[in-house]
Amino acid sequence: MNVQETMAAFDVEQIRSQFPALNQTVYGRQLVYFDNGATSQKPQIVIDAIDHYYSKDNSNIHRGVHYLSQLATQQYEDARGRIQKYINAPLSEEVLFTTGTTGGINLVAFSFGETLNEGDEIIISAMEHHSNIVPWQLLCERKKCVLKVIPINQKGELLLDAFDELLSPRTKMVAITHISNALGTINPIEEIIEKAHAVGAKVLIDGAQSVQHTTVDVQALNCDFYVFSGHKVFGPTGVGILYGKKELLDAMPPYQGGGDMIAKVTFEKTTYNELPHKFEAGTPNISGGIGLGKAIEFLEQLDMKAVQQYETELLNYAQAELLKIAGLQLIGTAAHKTSVVSFIVDGLHPFDVGTLLDKQGIAVRTGHHCTQPVMDFFKIPGTIRASFAFYNTKEEIDLFIKALKRSIEMLR
Ligand SMILES: *Cc1c(COP(=O)(O)O)cnc(C)c1O
């Protein structure tokens with residue numbers, strides 16, 4: 001299929017109509033929202049679910065005998081079940097609600113980290129988000145473990161030969177991003193997981209950029225942990241998911257102590273609740289969990305193959321148009337990429353370009369995208385990043401390219 005045909009087969013206008021925030025003007029111009037890598041807009045069913053929860057069903061969960069509490073508990077646990085099915089997790093107690101990707105990684109780094117010893121090794125990569133770097137550094141300080149980093153090449157791809165050399169019987173954890181938020185690179189995680197398991201290491205996948213672009217099957221991947229954020233997959237902020245294999249979660253000590261995570265508390269000794277509650281201390285983000293369930297319900301209705309194909313068309317079109325601009329350089333040209341385009345323009349600061357784009361109604365992100373080591377590798381202060389979702393269009397890319405050309409002219 002050519003561009004026109006794919007775009008026709010995928011009814012983007014029907015999808016856009018369900019995202020109210022897309023339909024507005026900023027500075028008197030139609031909003032073009034290309035900052036999906038930072039957070040996505042929300043479909044009406046997510047907004048309605050949160051509104052309904054607070055208007056009608058608001059109640060604390062897991063402990064009330066009364067009607068509303070049972071209703072809220074039911075909805076929250078239904079959301080967990082829906083998410084479990086969507087990522088094909090074997091058991092619902094393997095699906096933990098967290099505060100987001102950052103929350104999930106910190107939980108694993110702390111709690112799985114408690115089982116590590118001095119000299120044990122952890123492998124991450126040079127393209128990780130700060131939230132998949134710093135928790136492991138904190139663990140390494142606490143437990144005197146060693147952090148190793150898989151390098152990348154100029155295209156922004158992992159050097160897998162170097163990974164082979166970093167792996168050893170001392171490797172206890174490989175924590176790696178599925179898709180890079182700064183470069184768009186899709187990493188060969190299947191191969192990485194297999195190689196890590198061959199030396200007895202566990203694998204955590206940072207899926208913060210994945211669930212919105214592709215289907216995820218944690219059993220097929222055979223990863224040990226998988227984390228993502230609600231707000232990047234068309235759900236609310238402040239909620240996310242940590243999938244973990246039951247036998248690992250069972251063996252890990254609790255992360256935070258408090259209500260809901262206990263079986264019995266006395267001053268002498270406390271015993272802990274079973275999964276998933278053991279890792280869900282305190283009143284959770286109830287409306288967030290319910291909203292995330294609705295976001296997943298929204299995704300279920302889409303053909304993710306068609307979504308992927310559509311987004312690839314957007315990516316290819318945007319990249320081809322960008323490359324026609326003199327002095328523009330793409331940062332991140334991996335063979336396998338998702339719909340994220342990072343670039344710089346000779347002699348111009350990304351922030352200045354981003355500011356002028358904003359004044360023309362185009363929302364992009366500029367800066368280091370929480371990946372300072374990636375910027376250091378390319379010896380740049382930051383990039384301008386346009387990141388697309390399935391509700392974006394070729395017409396929006398045309399507006400963006402036009403606005404970008406104008407911005408460059410004004411700054412030169
Ligand atoms: C956004 C992002 C994170 C952090 O997600 P939060 O929602 O801020 O916790 C981690 N990794 C990647 C790849 C991301 O894109």
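Both ligands and their constituent atoms are indexed starting at 1 by order of listing. In what follows, residues are counted from 1 in the order of the sequence shown.
- The shortest side-chain heavy-atom distance between Ile176 and Ile124 does not fall under the 4.5 Å cut-off.
- Both the backbone and the side chain of Thr102 come within contact range of ligand 1, each with a heavy atom under 4.0 Å.
- Looking only at heavy atoms of the protein, atom 10 (C) of ligand 1 is closest to Ser131 OG, 3.2 Å.
- Taking every heavy atom of Asn181 and a limit of under 4.0 angstrom, the matching atoms of ligand 1 come to 13 (C), 15 (O).
- If you look at Phe225 and Tyr243, their ring centroids are not closer than 6.0 Å.
- A perpendicular orientation is assigned to the rings of Phe298 and Phe19, their planes being inclined by more than 60° (bins at 30° and 60°).
- Residue contacts with ligand 1 for Asp206 involve side-chain atoms from C-beta outward but no N, CA, C or O (heavy atoms, distance under 4.0 Å).
- Which parts of ligand 1 touch Ser229 is read off a 4.0 Å heavy-atom cut-off, strictly below it: atoms 5 (O), 6 (P), 7 (O), 9 (O).
- When ring centroids are compared, Tyr310 and Phe388 stay outside the 6.0 Å threshold.
- Classification of Lys85 and Glu300 as a salt-bridged pair fails, no side-chain N sitting under 4.0 Å from a carboxylate O.
- Every atom of ligand 1 is numbered from 1 in the order shown, and the set under 4.0 Å from a heavy atom of Ala208 is 2 (C), 3 (C), 10 (C), 11 (N), 12 (C), 13 (C), 14 (C), 15 (O).
- Ligand 1 is approached by Thr177 to a heavy-atom distance shorter than 4.0 Å.
- The nearest non-hydrogen atom to atom 1 (C) of ligand 1, considering only Glu128, His130, Lys232, Gln209, comes from Lys232.
- In this structure, His129 has its ring center at least 6.0 angstrom away from the ring center of His369.
- Atom CG of Asp164 is surrounded by more than 12 heavy atoms from other residues, nucleotides or ligands within 6.0 Å.
- Listed by number with element, the atoms of ligand 1 under 4.0 angstrom from any heavy atom of Thr101 are 4 (C), 5 (O), 9 (O), 10 (C).
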